[in-house]
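Index from 1, following the sequence.
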Amino acid sequence: MIFQRTISTMSFKAWLFKDDESRLLLKWSSVATIIAFTWLKILYPYPNFMPPDSYSYLDAAYNNEFINIWAIGYSKFLRLVSSFTDSHLALVIIQYLLVQISLLYLLLTIRYLFNPAKALFRVLFGLSVLNPLLPHIANFVSSDSLFTSLSLVWYTQLLWIIYKPTEKLLFRHSLILLLAFSTRHNALYYPLISIAVVILRSMPGRLKAYAIGSIAILLGSFILLTGSEYNKKTSSFQYSAFGGWQQAANALYGYAYDQLDEPVKLPPRFRKLHQLVNETVRIHQQQPFLRPDRNVGVFYLWDFQSPLRLYMDQVWKTDSTKEFFEKWASMAPLYGSYGTYLITRHPRSYILNYVWPNLQRYYAPPSQFMGWYNLGYKTVDSSAVKWFGWNNNTLPALGIKKIWVADIFTILTPIVNIIFIAGFLAFLTLGGNQNCSHHNKKLLGCTLTIWIANTLFSVLSAPIELRYQLFPLIISIIWSVIFVGYVVQVIRAKPETTEKQAEEAQKQLVFQPQQIIEKI
């Protein structure tokens, strides 16, 4: 059985060099990577830009900012790459190599720890490495590819910590956590899982203290530095201004479809904002089929007619000295508190009109930005021209504008989720948990915890898109194949057992008369 196999006595590094199958798979993955990247660049010769994300990352990198609308990690990554080259092709190559290397690290770790059958592993290896979404996400000037790479390494390191924790591994894990934490706010729950794994893993107390201390010091220092920078620009200590805006936007999708509260019933600091919100919602109610908030999305967050944007403009209309980011970030503490207040006042409407629709988006994530090459535009922002050293902002003929692969995965993702859940339940039903070794039970428990935590965090944090879910999708594909493989093995083994039982029963029937005679 897959979960009962013995782990190699060789170290992982020595095993990689000596195992013929692993070396063969690495060669084939190299060929597949080159072919996939060549195919990508024939179809889409330039990077893919999504406004305003891509240009905000580039501006923050150019100005060497420490805080930005989005997490600052990707802008620092862009700046690091630019110290070697300003080639857009080199950037995409580096992003694609990082995500592929991270994926290979995970796949070969699974083969080393679980040692699945050769045919089964080749299937999951091929499905993972040949995933057509990976080259496409690497072609974006966005944090998605880098965050996916870091998340894969983070998850793989957790498997190694459960199997064999060492001081070097725990320190490297804290560094990866810091990088992921600074690259995308989706990593906010990562430290909780890492610390839980360290606490539950049997290891010397000194090693546990070292691991938790490394995580706390690195992440704590980053949070303090970020908060200090926000305090300089907005006179308020906060970690993520985006979080405050997103909380208010999410809350309004629920509140806008409930009975409206009169401003006088709210705390004084919310009243002017709430009055503007009510005015906007009442206008929308007069045209129910044309409502910009009829679907969960980015209306309340980014649209110029959003009451959140309108109120910001009102607050800062007499001050022309502040830059947009300072104005925008200064509103975040108020908006975060306002959003929390609305959610607690209208929990049922929030669940029905925001959480439930977003859960459906998690089940079948829309392609959104990922479904179009440069959103179909023929020009790019001046920040891209400046960063990559182009002569003008007009791109050559774009060729195919629609990225059909992304739309296909909007259909495939629900199927993968169903197979993952059904496969896991079948695994439990067929005694898989009892057939697991002690370490493998913990490895599976860690995987399931991450899957559940990602689901809850994703649904509650922001409107879901396909590009946000690449990491859990990769994990789901791998484990779906493993669970299905286990079920197939059990089903194949049952007929053999039944035949043996039938032979024994037949023998008993054959010899039963003789036994009776002997007794007489």
Counting only N and O atoms by type, is there a donor-acceptor contact under 3.5 Å from the side chain of [X] to the main-chain atoms of [Y]?
X	Y	answer
Arg201	Ile162	yes
Thr85	Val81	no
Gln95	Phe140	yes
Ser367	Met370	no

Counting heavy atoms not belonging to [X], are there more than 12 under 6.0 Å from its [atom1]?
X	atom1	value
Phe324	CZ	yes
Trp302	CH2	yes
Phe171	CZ	no

### Summary
For Leu152 and Val99 the tightest heavy-atom approach is CD1-O, 4.2 Å
## Note on the structure
Closest non-hydrogen atoms of Val153 and Ser102, given as atom of the first, atom of the second and distance, are CG2-OG, 3.5 Å
#### Entry: Positive for ring-ring contact (aromatic ring centres under 6.0 Å, His included) with Trp328, one of Trp70, Trp245, Tyr311
Trp245
### Task
Would you verify whether the NZ or CZ of Arg291 falls within 45 degrees of the ring axis of Tyr257 while also being under 6.0 Å from that six-membered ring's centre?
yes
### Lys402 charged N/C atom sitting above Tyr373 aromatic ring, 6.0 Å / 45°
no
### Message
For Lys233, give me all partners under side-chain contact (heavy atoms from CB on, under 4.5 Å), at least two apart in sequence or on another chain.
### Response
Glu65, Ile67, Glu229, Phe325, Glu326
### Query
Looking at CG of Asn454 and OH of Tyr155, how far apart are the two atoms once the value is rounded to the nearest 0.5 Å?
12.5 Å
### Query
Are Thr340 and Gln247 linked by a side-chain donor-acceptor pair shorter than 3.5 Å?
yes
### Query
Would Ser56 and Asn68 count as having a side-chain donor-acceptor pair, cut-off 3.5 Å?
yes
### SB check Asp86 Lys386 (cutoff 4.0 Å)
no
